[in-house]
Amino acid sequence: MIRLTGIERTFTVGGEQVHALRAVTLEIAQGESLSIMGPSGSGKSTLLNIIGLLDRPNAGTYELDRRDVTGLTDDELARVRREKIGFVFQFFHLVPRLTAAQNIELPMVLSGIDPAERARRVEQLLAEYGLTERSGHRPDQLSGGQCQRVAIARAMSMRPGVILADEPTGNLDRHTGQEVMGVLERLHQNGGTVVVVTHDPEIGARSHRRLRMIDGAVASDEKG
């Protein structure tokens, strides 16, 4: 499903070249549960951004569903991203003025999905994530855990095959974080490919496969 070959990513900081990723080669099969761990600055989030088509490598190739997406235009990347990838972030990134239901609906509005189908999916997702009674609440009227569940429901609204989560429990208390991880694990159990970036070894250990990054390179890749 996902194949990265020789991925390099460099940034210019203060006139100097910083190697965020160094010759990263990685395959992620459909339905895998993968955590990406490592210290700050190890390249975890940069790798996730490359996988999520939010950033482009300076060298190497990226194949998604057997299609080389490395050289796609910005518009083509946006379309592939919208159709195939769902994102969950540490700080939720919900639209403050929109209700929970409207936040979940937003990707479908941008994709031009029929209003009746949007309404059906929103109702289903609200029920699935225990948010029906909060459908009319804005983010500032929701708890952190509820906001993250809205964010996950929004990520699932386009029915992507891949869910990418960047520190999804980093802004939550321990109990709420465990609940959110339970939601992501159920997505994996239902056949989804879930990739989680985390600093927390306990969260990382819950994945079936664990990747450790050091200085922009893959230091270890373990299963089990």
Side-chain angles (χ1 to χ4, degrees), residues 1-3 28-34 45 47-56 62-70 72-132 134-139 142 145-168 180-197:
M1 172 178 254
I2 292 171
R3 178 181 289 126
I28 304 172
Q30 183 173 351
E32 274 202 282
S33 168
L34 171 71
S45 292
L47 178 58
L48 197 74
N49 287 341
I50 295 285
I51 294 172
L53 304 176
L54 295 173
D55 194 10
R56 296 176 182 268
Y62 176 12
E63 293 178 42
L64 177 61
D65 289 342
R66 300 182 180 180
R67 178 188 183 187
D68 189 343
V69 296
T70 315
L72 296 184
T73 67
D74 289 344
D75 287 345
E76 289 171 332
L77 285 176
R79 183 166 58 253
V80 173
R81 190 165 56 237
R82 188 166 57 242
E83 293 174 354
K84 294 182 177 291
I85 301 171
F87 296 91
V88 180
F89 301 99
Q90 178 177 353
F91 295 104
F92 320 133
H93 292 318
L94 301 177
V95 180
R97 61 183 176 81
L98 298 183
T99 65
Q102 290 168 334
N103 267 285
I104 294 170
E105 184 184 26
L106 186 57
M108 295 184 285
V109 173
L110 297 175
S111 296
I113 290 177
D114 178 76
E117 174 63 14
R118 297 201 308 259
R120 190 186 69 78
R121 289 193 199 181
V122 169
E123 182 179 5
Q124 180 182 11
L125 288 163
L126 286 167
E128 185 174 345
Y129 293 105
L131 294 162
T132 300
R134 297 290 185 267
S135 64
H137 290 63
R138 296 186 307 276
L142 300 172
Q146 289 167 344
C147 282
Q148 195 60 293
R149 277 186 278 148
V150 171
I152 294 172
R154 179 183 61 186
M156 292 302 297
S157 67
M158 291 296 293
R159 298 174 175 169
V162 180
I163 294 293
L164 305 180
D166 194 356
E167 299 284 359
V180 167
M181 285 307 301
V183 171
L184 292 173
E185 286 166 356
R186 286 195 294 276
L187 291 176
H188 168 246
Q189 290 163 5
N190 290 330
T193 304
V194 178
V195 181
V196 178
V197 162

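Just so you know, residue 1 is the first one in the sequence shown, and it goes up from there. No hydrogens, no waters, no symmetry mates; every other heavy atom, side chains included, goes into these values.
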Heavy-atom distance under 4.5 Å between the side chains of I51 and I28, does that happen here?
-> yes
Could I get the full list of salt bridge (charged side-chain N to carboxylate O under 4.0 Å, His left out) partners for R138, not counting sequence neighbours?
-> D140
Can you measure from CG (L164) to CD1 (I85) and round to the nearest 0.5 angstrom?
-> 5.5 Å
Please name the residue in the list D55, D166, L54 that meets the side-chain contact (heavy atoms from CB on, under 4.5 Å) test with L48.
-> D166
Restricting to pairs with a member in residues 121-132, which pass side-chain hydrogen bond (donor to acceptor under 3.5 Å, both in side chains), not counting sequence neighbours?
-> E117-R121
Within a radius of less than 6.0 Å around CD of E76, do more than 12 heavy atoms belonging to other residues, nucleotides or ligands occur?
-> yes
Do the rings of H93 and F89 sit parallel, tilted or perpendicular, given the 30° and 60° boundaries?
-> perpendicular
Closest approach of S157 and L125, non-hydrogen atoms and distance?
-> CA-CD1, 3.7 Å
State, yes or no, whether a side-chain contact exists between I113 and M158 at a heavy-atom distance under 4.5 Å.
-> yes
Check whether any side-chain heavy atom of S33 lies under 4.5 Å from a side-chain heavy atom of E185, and answer yes or no.
-> no
Please walk me through it: do D68 and T70 pass side-chain hydrogen bond (donor to acceptor under 3.5 Å, both in side chains)?
-> CA-CA 6 Å; D68 189 343; T70 315; 2.6 Å; yes
Pair up each side-chain donor or acceptor in residues 99-112 with any protein partner under 3.5 Å, not counting sequence neighbours, and list the distances.
residue: T99; atom: OG1; partner: Q102; partner atom: N; Å: 3.1
residue: T99; atom: OG1; partner: Q102; partner atom: OE1; Å: 3.4
residue: T99; atom: OG1; partner: S135; partner atom: O; Å: 3.4
residue: Q102; atom: OE1; partner: T99; partner atom: N; Å: 2.9
residue: N103; atom: OD1; partner: V95; partner atom: N; Å: 2.8
residue: N103; atom: ND2; partner: V95; partner atom: O; Å: 3.2
residue: N103; atom: ND2; partner: L98; partner atom: O; Å: 3.2
residue: N103; atom: ND2; partner: T99; partner atom: O; Å: 3.1
residue: E105; atom: OE2; partner: R118; partner atom: NE; Å: 2.9
residue: S111; atom: OG; partner: R82; partner atom: NE; Å: 3.1
residue: S111; atom: OG; partner: P107; partner atom: O; Å: 3.0

Partner set under salt bridge (charged side-chain N to carboxylate O under 4.0 Å, His left out) for D74, not counting sequence neighbours | R56
For the residue pair R149 and L142, establish whether any side-chain heavy-atom pair is separated by less than 4.5 Å.
-> no
Decide yes or no for L64 and R67: does some side-chain heavy atom of the first lie under 4.5 Å from some side-chain heavy atom of the second?
-> no
Flag the pair M1 / K84 as yes when at least one side-chain heavy-atom distance between them is below 4.5 Å, and no otherwise.
-> no
Under the ring-ring contact (aromatic ring centres under 6.0 Å, His included) rule, collect the residues that match up with H137, sequence neighbours excluded.
-> none
With side chains defined as the heavy atoms from C-beta onward, is the minimum distance between L94 and C147 less than 4.5 Å?
-> yes
Who pairs with T193 by side chain to side chain donor-acceptor pair (under 3.5 Å), at least two apart in sequence or on another chain?
-> none
d(I152 CD1, F92 CZ) to nearest 0.5 Å is 10.0 Å
